[in-house]
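Just so it is clear, the model here is predicted, and its values are computed rather than measured. Here is the naming used below: chain letters follow the sequence lines, and residue numbers restart at 1 for every chain. Computation of the quantities below employed the complete heavy-atom set of this structure, encompassing side-chain atoms and omitting hydrogens, waters and symmetry-equivalent molecules.
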Protein chains: 2
Amino acid sequence: MAAHAVIPKYTIPGKNRRVVLGRRPDGVPLATDFDIVSDAVPVISDGQFLVRNLYLSADPVQRGWAANPAVMALGAPMRALSVGVVQESREATIKPGDLVYGFLGWQDFAAATRDDLLSHVPIPRAAASSYAGVLGMPGVTAWLALADLAPPGPDDTVLVSTSAGAVGSVVGQIARAQGSRVIGLTGSDEKVARCTSRYGYHAAFNYKSIDLPTVLAAAAPTGFSIYFDNTGGWIADHAIRAMAKHGRIIQCGTAATANWSPPPAGWRPEREILTRVLTWSGFYIFDHVARFGAAIDALSDLIDDGALAYDEDIEPGFDQITGALETLFAGTNSGKKLIFIGDA
Amino acid sequence: MAAHAVIPKYTIPGKNRRVVLGRRPDGVPLATDFDIVSDAVPVISDGQFLVRNLYLSADPVQRGWAANPAVMALGAPMRALSVGVVQESREATIKPGDLVYGFLGWQDFAAATRDDLLSHVPIPRAAASSYAGVLGMPGVTAWLALADLAPPGPDDTVLVSTSAGAVGSVVGQIARAQGSRVIGLTGSDEKVARCTSRYGYHAAFNYKSIDLPTVLAAAAPTGFSIYFDNTGGWIADHAIRAMAKHGRIIQCGTAATANWSPPPAGWRPEREILTRVLTWSGFYIFDHVARFGAAIDALSDLIDDGALAYDEDIEPGFDQITGALETLFAGTNSGKKLIFIGDA
């Protein structure tokens, strides 16, 4: 767990550094796709509040945002989920000193409204950074996707891809806590060890060094009843063919494929869906913003009970954020990827 | 609608002709994959009853049965759904003269048990043939799959592949009756006309003579909320990309692909499932045998009300059955494909 205090130390810069999209990325957004500009600290108007960001977050969903001209124009500040502290407020329910998490961008300051927030935390129960990870989009996604689409129980065998990631590590622990047998797939031996020693997986495998269909068949001889998929691609091709009858697949990410235009080819799944009588559902966390608070409460209870381990890969230095998505998709981070921009 | 009387005329042959699987089919089972043998009329034991089959059915699911050594050994009688009349019974609840439908095979006679039946009809409300079609597996599949996985309503735009088929024609009419806008895809201009004139489709298209993505985009500018898929393949590739957010796909058949080993390639769907937040579910009618009777009652009510049109392609002559699956997968039948083996 991060050693950062609930609210770390910070000063107030005189300028607002902002990361803008300089070029349309071809697949994973690279550091060279962004430019850093510096302008005046924003002035808030009625209904707004001024946030001093402390943690800038790198999340897989940003690849899609950066690729989509309808979401992000070239030259616009990078859409991103940041954690910060309110400095001034002209919004009745938000007070200076409150912790907030939401669409606050990759920048020092945001002039935000309530609609920009995913969570508003007057009294934090955990480190500020955790509200972007285990208590932020990744943790809440794990909680709500399982609850809505495939609540795990003692009869389930659950397969999780990117099992050591910010979402996967929480999925594994929730499923384990509900009595399921939980199997992880991840991309390094170090992460395999973390899955079994910290995140409660009964077994985990480095997909880069195994024969996947053989290992899946051995890990679940009667098939997986739940597959929580964060990768898609060839890992999913094999996972689908390792499902038990009436299994449920949650599509939460597609990290394995960088570019979707033109549509890449893979094994046709329709026969598997039919003959295994599967249900394959997409989960999009921003459909469920109204339930963020309840999920954060439930996850905070698990942390208080010592039942939920989490890791954060926090690097200091504003300039580091432009390369954070490259790191994320290369899988070289160890825990939720954040850039700290408070005081050193 | 078929002109056949509720129970057509039949005599009792002195021998039992049986169609056995002579060769493992490579894709669609051909007439040459079967042999016809002739043996003694079976003698029933306790718990059994003797059925004289009248209608032998050709259904897409038989392709999978014939391909699967765990379901059908070479030399075994073809697993098939037939309609017949009980001649003798040593089972307390089944009486001579009762109409029955179920796993009675491609043969003149079956020595059956209750477990072989999908429906038992002491007092038929419609022609005997209809219990293998609109009141049989195809019609009940349409009814239960919609009810379970995507109940259509006035806000839905529904796409149906093989829209003039034994399942599709019922799907279209149920969805139309519930107030949905219903669009069909089928393989000939004659079937297109039948979809709109008889089955209540608002529009239907011959997929062989259109630019599918252009036509789908024009037919549902805001996307389809339900796709009832009987084909899979490239039709499904495009249909998935024409879905509205939160759309539901029912996988009921895979008629477009004859051979699944090795896995054929197609466009990867996982990004569409994620970004459109789709739910894609397989439906397997034999999971729901206990609900056959209730679905037949509901469909019979629709027929009585004149609210459900159906067509049957009934050919006489036992020898015709071996080629019936070829006809079915070529799409040259017009209505539910049955072979009549009662009296000419």
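With a 4.5 angstrom heavy-atom cutoff, B:Tyr284 touches chain A via backbone and side-chain atoms both. Within the 4.5 angstrom heavy-atom criterion, only side-chain atoms of B:Pro269, from C-beta onward, approach chain A. If you measure heavy-atom distances from B:Ala265 to chain A, the contacts under 4.5 Å come from both the backbone and the side chain. For B:Asp229, no part sits under 4.5 Å from any heavy atom of chain A, backbone or side chain. For B:Leu274, the parts lying near chain A are the backbone and the side chain together; criterion is any non-hydrogen pair under 4.5 Å.
Residues of residues 149-166 of chain B placed with any heavy atom under 4.5 Å of a heavy atom in chain A are absent; none qualify. Taking 4.5 Å as the heavy-atom cut-off, the residues of residues 246-261 of chain B that approach chain A are B:His246, B:Gln251, B:Cys252, B:Gly253, B:Thr254, B:Thr257, B:Trp260, ordered by number.
Using cut-offs of 30° and 60° for the angle between ring planes, the B:Trp280 and A:Trp280 rings count as parallel. Ring-plane geometry between B:Trp65 and B:Phe103 is classed as tilted, the angle between the planes lying from 30 to 60 degrees on a 0 to 90 degree scale.
Residue B:Asp287 places its CG atom among more than 12 non-hydrogen atoms of other residues, nucleotides or ligands, all under 6.0 Å distant.
With A:Arg276 contributing its side chain and A:Arg241 its backbone, the two residues share a donor-acceptor pair below 3.5 Å. Here the side chain of B:Gln178 pairs no donor or acceptor atom with the backbone of B:Ala175 at under 3.5 angstrom.
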